[in-house]
Amino acid sequence: MAELNPGWIRSCRTAEVTNEMIGKRLTLMGWCHKQRDLGGLIFITLRDRSGEVQLVLDEDSPAAMRDKAASVRSEFVLAVQGILRKRSSVNPDMKTGEVELWVEDLRILSTAKTPPFYIEDDAGANEALRLKYRYLDLRRPVMQENLILRHRVTKLTRDFFDVEGFLEIETPLLIKSTPEGARDYLVPSRVFPGHFFALPQSPQLFKQLLMVAGYDRYFQIARCFRDEDLRADRQPEFTQIDLELAFAGQSEIMDINERFISMLFKEVLGRELALPFPRLTWQQAMSRFGSDKPDLRFGMELHDISDLAADSDFRVFQAALSAGGSVRAITVPHGADISRKEIDSLAEYVKTYRAQGLAWLVPSDLPRGSILKFVDADLIKKLAERCDASTEDLILIIADSSDDIVLTSLGELRLETARRFGLIPEGKWEALWVTEFPLFEYDEEEKRLVAKHHPFTAPMLEDMGLLDTAPEQVRAQAYDIVVNGVELGGGSIRIHDQDMQNKMFSLLGLGPELVEERFGFLLEAFQYGVPPHGGIAYGLDRLMMLLAGESSIREVIAFPKVQNSSCLMTGAPGIVDNDQLMELSLFVQHKKDETTTPDDIDEDRE
RNA sequence: GGCGCAGUAGUUCAGUCGGUUUAGAAUGCCAGCCUGUCACGCUGGAGGUCGUGGGUUCGAGCCCCAUCUGCGUCGCCA
């Protein structure tokens, strides 16, 4: 049965015992990782977040304590007092394997049910179970390491930006909904019936107002919310390292930030990233890698073979080209012996990215491929030269009337084939900046231009003249930082001119009344002396995922949500009492013609 | 909203062509024994809504339909 702590104070954590403490009387507390009862001799491995240490009870231990120890099960919470001694049989695999605590007094502070999975790194439990019992999952050493690392990274972040002259300033979580961007999470106002706060998608407007207010270097480790579908690298609530600088241009911002990232990699991974980071324009990144976040750890760049494809008799190529599209290819090194089955599988893969199909060619002496009927020996030679392909390589070709589909599907194919063929080197870190993003992109659904980054991003000065004539060609003073194909962060120089900002809103199709309603306070602020400013925001969760070597951000978030945005541990979101709804002047209209009150639903609820 | 994968003991899984016992294995759990274990060992035992609901069939863990849950992904994510 559970006992009270008789006022004992821990001497140290379990794995913090040292050989120097041998012979000393220590008080330790923690969880029973494993109890081994050999009859007259009982071992208990005591665990806490520092690691483990072995407890031992033998014939010299008080009999009552031996009996108690015999009843100890996994995950019981224990407090023990005893003498630290050198072990007679050392365990070299254990950090504290040379010592053990000989127990004189043992208190069971808490008993425990048998956990649904082992509290070990290779627990092997499925993720739903882990998330339901997240507090047990978080006891696993690998999860504790991840969260401890996260603590270290946020501390390094605060220290770095502090030294650089940044102030950490909090911004509100209950803010005004903005029409652009992702779906907002809404919070009803009790005081103003029918009015809603939104949770911030980012502190964007507030950090710009802080620049107006004269806090010329701001940063914040900020919670952000976007009501959109989840992915392995996306949660509805996530954390940004958010910063903004006044009086600084793009090069100064990039300089500070690549020093920041390189500092983190040095401190956390012990890796030196060469400064400055390479830079690619968005155009270059798209045409060479088919991605705005290229993974530079390996080659396999895209080749434009449109002109050569025009000389083939392949109807698919001709159709794509005459419709204004392109034909592009990648070369898979040593891919010549690929099977039809594997080709089919890759063709299936690119279809998810809206590519119609996949052509292939092995330019060996006895060429193989799906387009042999349409290309002669001379053309094969030219294609191989253009694609830098040897007779042992495989050329994969995508054609489409949309150049965008060709580029993105081929870019994804580049990543997928590299993964399948094991061409991505482990332990390599390749950081870069991607710059000169388009300012706008066309929204097919809304039939209008939308901001690619956000509506406060400044156009490049060289392209100002295109704003009225060809806005889709205007490039932005925007930049993303990318490491190993992961977009870690992105930012821009902001518009700090009221007229320019108004023009931007108008190009985005936002009427003056809407602008006044949503952004009036920003435009008004711009009348009171705005320094030029710009900033960047990092996805802390993605950064942690990369540094911890995980493939899902859920592994570096203490209490993550699942794909439908619910929490398996708490059951959130939940229904609320009618009284609560009434206080907020809310009425829930359920779909499927049924007007059910929450209380009715409650009846059916488990 | 679309596509794909998964769901069988507490857990991780196997389960052949739809038919042999009471649906198995490992691990965990429980009991007994055990003085140097650390994946302790040995002996014995308990433990199942085969995700759920229909259907086909003489017969369904297995086939069909629907549905729920989790994961991946497209759309979406300024």
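Just so it is clear: chains get the letters A, B, ... in the order the sequence lines come, proteins before strands, and each one is counted from 1.
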Novice: If pairing requires Watson-Crick or G-U wobble contacts with both distances under 3.5 Å, which nucleotide is the partner of B/G47?
Specialist: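 Partner of B/G47: none found under 3.5 Å.
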Novice: Just to verify, what does A/Asp404 make a salt bridge (charged side-chain N to carboxylate O under 4.0 Å, His left out) with, not counting sequence neighbours?
Specialist: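 Not a single residue meets the salt bridge (charged side-chain N to carboxylate O under 4.0 Å, His left out) criterion with A/Asp404.
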Novice: For A/Lys176, does the NZ atom have more than 12 heavy-atom neighbours from other residues, nucleotides or ligands under 6.0 Å away?
Specialist: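 Result for NZ/A/Lys176: enclosed.
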Novice: For A/Thr171 and A/Gln220, which I'm curious about, is there any donor-acceptor pair between the side chains at under 3.5 Å?
Specialist: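 Their side chains do contain a donor-acceptor pair, which is all the 3.5 Å distance test asks for.
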Novice: Round to a whole Å and report the spacing from CG of A/Asp404 to P of B/G75.
Specialist: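 Result: 10 Å.
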Novice: Hey, is the side chain of A/Arg419 pairing donor to acceptor with the base of B/G72 inside 3.5 Å?
Specialist: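 Such a pair does not exist between side chain and base.
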Novice: Considering Watson-Crick and G-U wobble pairs with both distances under 3.5 Å, what does B/C3 pair with?
Specialist: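 Answer to the pairing question: B/G72, which forms a Watson-Crick or G-U pair with B/C3.
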Novice: Quick test of your reading: applying salt bridge (charged side-chain N to carboxylate O under 4.0 Å, His left out), list the pairs with at least one residue in residues 472-482 of chain A, sequence neighbours left out, ordered by first then second residue.
Specialist: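 Those involving residues 472-482 of chain A are A/Glu436-A/Arg475, A/Asp463-A/Arg475.
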Novice: If you take atom types as modelled and just measure distance, does the side chain of A/Arg554 reach the base of B/C71 with a donor-acceptor pair under 3.5 Å?
Specialist: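 No such pair is found, so the answer is no.
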Novice: Look at the side chain of A/Arg36 and the base of B/C34, then say whether one donor and one acceptor between them are separated by less than 3.5 Å.
Specialist: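 When only heavy-atom distances are counted, A/Arg36 does not reach the base of B/C34 through any donor-acceptor pair under 3.5 Å.
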Novice: If you restrict it to nitrogen or oxygen atoms, what contacts under 3.5 Å exist between nucleotides 45-47 of chain B and the protein, and what is each distance?
Specialist:
none

Novice: Could you list all N or O pairs between the protein and nucleotides 27-33 of chain B that sit under 3.5 Å apart?
Specialist:
residue	atom	partner	partner atom	Å
B/U27	O2'	A/Tyr118	OH	2.3
B/C30	OP1	A/Arg73	NE	3.0
B/A31	OP2	A/Arg73	NH2	3.3

Novice: Which value, in whole Å, describes the distance between the P atoms of nucleotides B/U67 and B/C29?
Specialist: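 Their P atoms lie roughly 41 Å apart.
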Novice: Whether the side chain of A/Glu445 and the base of B/G75 hold a donor-acceptor pair under 3.5 Å is what I'd like checked.
Specialist: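 Checked by distance alone, the answer is no.
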Novice: Are A/Phe117 and the base of B/U11 stacked, counting only ring centres nearer than 5.5 Å and planes tilted under 30°?
Specialist: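 So A/Phe117 does not count as stacking on the base.
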Novice: Could you list the protein-to-nucleotides 68-70 of chain B atom pairs, N/O on both sides, closer than 3.5 Å?
Specialist:
residue	atom	partner	partner atom	Å
B/G70	OP1	A/Asn564	ND2	3.4
B/G70	OP2	A/Asn564	ND2	3.2

Novice: State plainly whether the residues A/Glu228 and A/Arg226 are in salt-bridge range, i.e. N to O under 4.0 Å.
Specialist: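 So A/Glu228 does not pair with A/Arg226 through a salt bridge.
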Novice: Under the rule for ring-ring contact (aromatic ring centres under 6.0 Å, His included), what residues qualify as partners of A/Phe505, not counting sequence neighbours?
Specialist: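 Partners of A/Phe505 by the ring-ring contact (aromatic ring centres under 6.0 Å, His included) criterion, ordered by chain and then number, come out as A/Phe519.
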Novice: Can you check whether any acceptor in the base of B/G75 is under 3.5 Å from a donor in the side chain of A/Arg231, or vice versa?
Specialist: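 Under the 3.5 Å cut-off, the side chain and the base do form a donor-acceptor pair.
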Novice: Looking only at atom C1', what distance separates B/G72 and B/A25, rounded to whole Å?
Specialist: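 B/G72 and B/A25 have their C1' atoms separated by 29 Å.
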